[in-house]
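Data block below; observations after.
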Amino acid sequence: MDVLRTLKPTLVGNIPALLIDNTHASALILLQGAQVISFCPRQGQELLWQNPQACFQLGSSVRAGIPLCWPWFGQYDKNPEQVQASFAHLNHYPAHGIARDSLFQVIGWQESADETQVQLRLHPRQANIGLTAEMSISVSTRLQLTLTTTNTSSREIFCSQALHSYFPTSNIRQTIVQGFDNSTYIDALDNWTAKIQRGDITFSGETDRVYTGTRNQSNIIDTESGRTIQLQTNGSHSSVIWNPWIEKSQRLSQFDETAYQTMLCVETANAADDHIYLKPDDAHTLQLTIGEPAP
Ligand SMILES: O=P(O)(O)OC[C@H]1O[C@H](O)[C@H](O)[C@@H](O)[C@@H]1O
């Protein structure tokens, strides 16, 4: 690939990656899983959670930044029946699908005075998956991820997915997530019971919920530092809110047992009832924009 002024190939561990450094921000993107692991506005602080325990080993999923869950979210057998049926012919069902440890190809790149963009494409190793994923990443004052899933097969396919974003916070107990008031959620820790959110989301224990019918704007407010991270989404009506808290943190790979105190996941998804239906040649676009409020 031609080397642009603001985009350079690099390696993180033994994973091929791209480093973007332009007027507005810097970003680091693993070609494995099209996974953005850093986004830092020029005059600001890192917007993605930095994990000192992350292991950058080609072929293994990396717990950092924005892992891509595709073409199913979470445990395969917890997915809607139609999603499971769409992939019933496969013989391997890793949690969160097959994209996060697969290499993407760089298929395009552009830069202007204000923005650097790169387009990545996944051709799944299992050709019979019937879908392709293209991720376009734009780095400017904000970070924008646009994921297009296309049905390249001759059958109808149902799939689920998520941009499994890890965000930093200074104290999870003093963190609130706005934008989910009156949304229904499925509580994975209470036998997948449906509940209704009243007011903002707060954290006082392990949290693992799929919110459905969600709107396209939410805010993470770190009340201890006064920092707000804004999320804007398109093509998604579900979000996963996750914090492993004390006990699960002790069992997780690539995770310090105290790390739950300073991170949370707000995952832009098409999960549960919000899964995607694609006829042959149909495409679906999921978009996430992350930034801080203008000063
Ligand atoms: O450990 P991983 O496979 O990366 O999954 C991490 C987490 O992802 C999602 O948020 C799920 O809802 C959780 O149940 C899961 O524990």
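All ligand and atom numbering here is 1-based and tracks the order in the structure. Just so it is clear, the values below take in all heavy atoms, side chains as well, and ignore hydrogens, waters and symmetry mates.
Numbered from 1 in the order shown, with element, the atoms of ligand 1 that lie under 4.0 Å from a heavy atom of D208 read 11 (C), 12 (O), 13 (C), 14 (O). Every atom of ligand 1 is numbered from 1 in the order shown, and the set under 4.0 Å from a heavy atom of F73 is 9 (C), 12 (O). Here is the list of ligand 1 atoms found below 4.0 Å of a heavy atom in E267: 9 (C), 10 (O). Ligand 1 places these atoms under 4.0 Å from at least one heavy atom of V240: 10 (O), 12 (O).
Judged purely by atom type and a 3.5 angstrom limit, R173 has no side-chain atom pairing as donor or acceptor with the backbone of Q261.
Protein heavy atom at the shortest distance from atom 5 (O) of ligand 1 is H96 NE2, 3.2 Å. Remark: minimum distance from atom 8 (O) of ligand 1 to any protein heavy atom is reached at H164 NE2, 2.7 Å. Protein heavy atom nearest atom 1 (O) of ligand 1, with residue, atom name and distance: R63 NH2, 2.9 Å.
Using a 4.0 angstrom heavy-atom cutoff, K248 counts as in contact with ligand 1. Ligand 1 is never approached by R209 to a heavy-atom distance shorter than 4.0 Å. Contact between R100 and ligand 1 is present, with at least one heavy atom of the residue lying under 4.0 Å from the ligand.
Contact of the Q84 side chain with the Y76 side chain is registered, since non-hydrogen atoms from C-beta on lie closer than 4.5 Å. H96 has its side chain out of reach of W72: every pair of non-hydrogen atoms, C-beta onward, lies at least 4.5 Å apart.
When non-hydrogen atoms are compared, ligand 1 lies under 4.0 Å from neither the backbone nor the side chain of K78. For F255, no heavy-atom contact with ligand 1 is shorter than 4.0 Å.
Between the side chains of E257 and S249, not a single donor N or O lies within less than 3.5 Å of an accepting N or O. Between the side chains of T6 and D21, no donor N or O sits under 3.5 Å from an acceptor N or O.
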For residues 241-248, run the donor-acceptor check on the side chains, cut-off 3.5 Å, and write out each pair with its distance to 0.1 Å, sequence neighbours left out.
{"unit_1": "N243", "atom_1": "OD1", "unit_2": "W245", "atom_2": "N", "d": "2.8"}
{"unit_1": "N243", "atom_1": "ND2", "unit_2": "Y260", "atom_2": "O", "d": "2.9"}
{"unit_1": "N243", "atom_1": "ND2", "unit_2": "M263", "atom_2": "O", "d": "3.0"}

All N/O donor-acceptor pairs, side-chain side in residues 24-36, below 3.5 Å, sequence neighbours left out:
{"unit_1": "H24", "atom_1": "NE2", "unit_2": "D114", "atom_2": "OD1", "d": "2.7"}
{"unit_1": "Q32", "atom_1": "OE1", "unit_2": "G59", "atom_2": "N", "d": "2.8"}
{"unit_1": "Q32", "atom_1": "NE2", "unit_2": "S60", "atom_2": "O", "d": "2.7"}
{"unit_1": "Q35", "atom_1": "NE2", "unit_2": "V62", "atom_2": "O", "d": "2.9"}
{"unit_1": "Q35", "atom_1": "NE2", "unit_2": "A64", "atom_2": "O", "d": "2.6"}

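Across every non-hydrogen atom of L147 and W70, the tightest pair is CD2-CD1, 4.2 Å.
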